[in-house]
Visitor: 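Provided herewith is a single structure, encoded as structure tokens, for subsequent inquiry.
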Amino acid sequence: MDILAHVPILVVGIPLLGAFATPLIGRAGARARNWFAIFILLLTTALAIALAVSVYQSGPRVYVLGGQSFGFTLPSGYFFPIRIILEVDGMSAFFALIIAVTTLLGAIYSTAFIAGHSGLEKYYALLLLLAAGMFGMVVTGDAFNFFVFLEITSIAATGLVAFRTGRAESSEAAFKMMVLYNIGGLFVLLAVAILYGQYGALNFAYLARLIEYSLLDVIALALFVLALALKAGAVPMHMWVPDAYPAAPAPITMVMVANTQIGLYGLYRICFTLYGLKLTPALVGWIVIILGLASIFIGVSMAVIQRDLKRLIAYSGIAQIGYMLLGVGVGLAVLGTPALNSYGLMAMKGGIFHIINHAFYEGLLFLAAGAISYRTGTRNLDELGGLAHNMRWTAIFFIIGGAAIAGLPPFNGFASKLIIYESVFKFNPILAVIALLASILTLAIYTRAFQSAFVGPQLPAYKDVREAPASMMFPMGVLAILTVLFGLFPDLVVKYLVTPAAQALVNQAQYIEAILGAGLGVK
Amino acid sequence: MEVLRTGSGFWSALVWAATALGSFLIIWLFSRAFESGYKKGTDQTDPFLSGNPPAPGQRVTASHIYWGFVEALKGYYQPLVRAHSGIVNDYLAWAVLVGAIIFALLGGLMR
Amino acid sequence: MIANFPYVTAILLMIFGLYAALFRRNLVKIAIGITLMESGVNLFLVSLGYRRGGIAPIYTLAPEAGERMVLPTPQALTLTSIVIGLATTAVLLALIVVIYRHYGTLDADKINKLRG
Amino acid sequence: MSKLVRTIGWLLYAPILIFGFYVIMHGHLTPGGGFQGGAVVASGFALLIVAYGAKGAGLKERLLSAVESGGALIFVGLAFLGLGATFFYNFLAAGGGVVFNELVPSGPNPGDLNTAGTLPLMNWAVGLKVLSGLGSIVLLLALFPGEEE
Amino acid sequence: MDAVVQVVLLVVILAAGFLAIRFKDLLSSVVALAAVSLALSLEFYVLQAPDVAIAEAGIGAGLTTAVFVLTLRKTRRKEEER
């Protein structure tokens, strides 16, 4: 059996198998359960890397569930895809890498962070289920399965955020998040139903060929944009983010960052691949840009006044989501015009590059904040102080993360923000200036956070605080190394990871051809 | 090593490191020429809190930093904080409002 | 005229549900509103698949010439969405019970420890 | 609950379970299937829990959780077994295997259960998963400490 | 005949849905919600979807109601007066 031929489904199937097996393995003991979860995610990471390599080398991969051929050819030669089809292109593979890295490191970090809590086999099962749902969302080529995996991630993420039921804030945050996710999911389902009602198909490629941008399609587009922007935490639907991120255990917060970014994936997939040039690119592009700009502005403003360390990081994370919306929004606004090649594609590359950078440095910051609360028991910046004396490595990791999120050279945030500034400046100088100012504010925010948590004389309350255990330092170290490496060699990352992803978004025809082939499916 | 071209500029860690090193060298050369007016062990090293001697246990915490910034922008921050009310119905209302605006823009301006 | 009735009902149900979720301040009422919205979407999906005079899409009841079936795909979608709906409702209600233990109330206005 | 409710619940419990398992078993021939049948069985459990209380119903949370995992594992495992061709491939159907290898006959039939390849097996797996999953949801909610009126 | 049944069912669905959000007593709301599900499952049957009808009857009218009732037992039955 050729394993590589089945990789697109295996990245979904293996975490799913692991999720169902974890409660049974858990009866053999805590150690077996932890190693099992880590092993499954390690396997998935290897598969995701194999998938990415094959997609970057030889173009989009298509996989059919339950049958040998894609679909059904009518006697008249009209081809019609009927089965569940997975389609993996550069963008999907790019996100699969992010998911693989964050979930694997999250599982390793959890072994020490959450040890001793009851019901941990459910925790690991939900973590694996969340991984399966996120992988499913990025590999699926089918609108309805997109909805199903979206709901799987919602339920699993809610369960994980609410996991520490002893705390009032976890259940409150999880409830708010679940209500919003639920309404967003219903909007997606309604949009899928509207599209099915018109064209009688669910396959993205097939729909993209048929779509006409009638009034009903406009309603579906509005519902999609709303629901996916809500999942991505764009202002003003961001309010669940600063509630849910601090309430979740730190490793889950890192995975949740990837989970919100899947909302961006969905948004880009719908706008570029499903609707493509049929929508009015300038208008939709400007809607995305304005959502991004509001996110940047409100995110940094609110981060200035926060006292909870994780809440502060969450708010500044919202601002970074704004950069990703801004970069890709500029690309969308000039889609189909000559400006796309002069600066639009570059802006998209910046936005997409920022996604992977954000997953790493934001994860690093949350893990460092988790290490602080693990050892000191508090996240209140007014109470913390002088921790650099005791937690030297955590302080260094926090500096790396803070410098990267503020866009200081030579860390990875600088490289992607530089691309965004330059290309957005050519589109509209005011946008670039606002983005730059927000970046300066971000630096101020992290200076304050670092000053109050780490700098200063050793406080008597934290005299006996020790460095976090090794299984928590290892994921932080990996993320810090990735943050620095991506900052030192951004050209390689942009060339081998980001450019194929951006090209995959712009090249709608390639996505359709991969399923429908030349000339098939035309009336 | 290739450099990252960003449209009109470029970014290379090597060039950056060389520039940073050079600047530090120049600054260091200049600073050698200055007289050091900083004396250790005198009042100069004490924290300065509006001229008052700090009370025991008193220190600068996160709430004190940027107090002036927030105070000056009070008119901006008060409604902003009030909008983040923490009530789930408000969260939903924002989402529905944005959905209505998006639909009005897309549906209205297209025709 | 009569064929449009299910669609109108579905849209009205969704509006009822959204109204309850937006303006009712009791958490259980919000959950009821979300369940109503789900029912509305399910009805919408099943109505999409209905064809006048069609029969149920069951393999052993394969239609003879002149007969036709209603579309099976929307029904499969509806089944999946019913499952998902029950799962989300159960999660919401479990969270409500936990919240009630911590806060002693179900009033959404008082459950805002996290704000600002 | 009152004696009336208890007696009716006791009387209805067995027919509900039998109907549920029937729906699961005939999933590939008639309307219904693993999910619907499992839901019917679970509503039988819910009836018992509401009538007799969480303790009196005699359901074990550990057992339900094991059955749930087992059902899900069988389902995904069957999907993995199809990997000779593709995921979810029906490798038993139409001569591929020893059992369930006949095509479903057209028209009304008295119950040709030995048909449709992996579908009946998957129905059973889903049925087990759903009846134990939904059953344990109701059971856990009933066991949850809270204000009993 | 079919049309009459459909109209009756849809009116029942709407009325029960309206009552479900109007009642101050949450238990009555839940019962109204169960009525919506029951009428909805009959409507599905009329729309030639017996599969969905079984599922909706079992899930919507049976299990969802049970879960709601258990929740109300653990919390409180009345909506707060405002």
Side-chain angles (χ1 to χ4, degrees), chain A residues 82 143-145 147-152 154-159 161-162 164-183 185-198 200-202 239-240 242-247 302 305-308 311 315, chain C residues 7 10-11 14 17-18 21-22 27 30-31 33-50 71-74 76-81 83-104 106 108 110-116:
Chain A
I82 50 167
F144 186 72
N145 280 296
F147 161 76
V148 171
F149 287 121
L150 178 81
E151 290 287 347
I152 288 178
S154 305
I155 293 171
T158 313
V161 169
R164 295 187 288 194
T165 43
R167 306 179 176 204
E169 84 229 32
S170 328
S171 41
E172 181 192 337
F175 181 80
K176 292 174 184 173
M177 183 178 122
M178 192 65 193
V179 169
L180 286 185
Y181 269 180
N182 226 325
I183 301 273
L186 284 176
F187 283 169
V188 169
L189 179 60
L190 190 58
V192 171
I194 289 172
L195 289 180
Y196 181 84
Q198 286 195 82
L202 292 168
M239 296 174 179
W240 62 270
D243 292 352
Y245 279 15
M302 288 301 289
I305 56 171
Q306 295 307 316
R307 288 183 199 151
D308 183 333
R311 208 171 163 84
Y315 268 117
Chain C
Y7 294 108
I11 304 278
M14 280 182 242
L18 198 58
L22 273 177
L27 299 192
I30 294 174
I34 289 175
T35 315
L36 273 181
M37 273 186 84
E38 254 156 31
S39 308
V41 178
N42 289 342
L43 180 55
F44 183 73
L45 267 169
V46 172
S47 326
L48 274 181
Y50 184 66
L71 296 183
T73 319
L77 306 191
T78 319
L79 273 181
T80 318
S81 96
V83 187
I84 292 170
L86 176 69
T88 52
T89 313
V91 170
L92 274 179
L93 291 174
L95 286 172
I96 287 174
V97 175
V98 178
I99 286 175
Y100 186 77
R101 208 173 48 165
H102 284 299
Y103 291 79
L106 289 181
K110 295 190 186 115
I111 300 170
N112 58 349
K113 220 180 220 180
L114 298 166
R115 59 170 180 267

Visitor: Report, as yes or no, whether the 6.0 Å neighbourhood of atom CZ on R164(A) holds more than 12 heavy atoms from other residues, nucleotides or ligands.
Guide: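 More than 12 within 6.0 Å, yes.
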Visitor: Over all heavy atoms of both residues, which pair between M178(A) and L92(C) is shortest? Give the atoms and the distance, please.
Guide: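 Closest approach of M178(A) to L92(C), heavy atoms only: CG-CD2, 3.7 Å.
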Visitor: Hey, does L186(A) have a side-chain heavy atom less than 4.5 Å from the side chain of M14(C)?
Guide: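 SC-SC contact between M14(C) and L186(A) ruled out.
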Visitor: Of the non-hydrogen atoms in V161(A) and S170(A), which two are nearest, and what is the gap between them?
Guide: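 Scanning both residues, the minimum pair turns out to be O-CB, 3.5 Å.
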Visitor: When only pairs under 4.5 Å are counted, which of I84(C), I96(C), V83(C), L18(C) shares the most heavy-atom pairs with chain A?
Guide: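 Counting heavy-atom pairs under 4.5 Å, the top option is I84(C).
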Visitor: Which of the residues V41(C), V98(C), T88(C) is involved in the greatest number of heavy-atom pairs with chain A at under 4.5 angstrom?
Guide: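 Looking at each option in turn, the highest pair count goes to T88(C).
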Visitor: Quick check: do R115(C) and D243(A) have side-chain heavy atoms less than 4.5 Å from each other?
Guide: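 No, too far: nothing below the 4.5 Å cut-off.
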Visitor: With a 4.5 angstrom heavy-atom cut-off, could you sort out which part of I305(A) is near chain C: side chain, backbone, both or neither?
Guide: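 Contact with chain C: none, neither part.
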Visitor: Please name all residues satisfying ring pair (Phe, Tyr, Trp, His ring centres under 6.0 Å) with F144(A), sequence neighbours left out, ordered by chain then number.
Guide: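 Expected list: F147(A).
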Visitor: Checking I30(C) against chain A: side chain, backbone, both or neither under 4.5 Å from a heavy atom?
Guide: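 Contact with chain A: side chain only.
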Visitor: Taking side chain as everything from C-beta outward and backbone as N, CA, C, O, which of these in L48(C) sits under 4.5 Å from a heavy atom of chain A? Side chain, backbone, both or neither.
Guide: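 Contact with chain A involves the side chain of L48(C) alone.
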Visitor: Using non-hydrogen atoms and a 4.5 Å limit, figure out which bit of R167(A) sits close to chain C: side chain, backbone, both or neither.
Guide: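 Contact with chain C: backbone only.
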Visitor: Examine whether an atom of N182(A) lies under 4.5 Å from a heavy atom of chain C, and if so say whether it belongs to the side chain, the backbone or both; otherwise answer neither.
Guide: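 Looking at N182(A), just its side chain touches chain C.
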Visitor: Tell me, for Y181(A) versus chain C, whether the close heavy atoms (under 4.5 Å) come from the side chain, the backbone, both or neither.
Guide: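 When you check distances to chain C, no heavy atom of Y181(A) falls under 4.5 Å.
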Visitor: Once you round to the nearest 0.5 Å, how far does OG of S47(C) lie from CG of N42(C)?
Guide: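 It comes to 10.0 Å.
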Visitor: Can you tell me which portion of I111(C) sits under 4.5 Å from chain A's heavy atoms? Options are side chain, backbone, both or neither.
Guide: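 Backbone plus side chain of I111(C), per the 4.5 Å heavy-atom cut-off to chain A.
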Visitor: Looking at chain A, which one of P74(C), A87(C), G33(C) has the largest number of heavy-atom pairs inside 4.5 Å, strictly under?
Guide: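 Between P74(C), A87(C), G33(C), the count favours P74(C).
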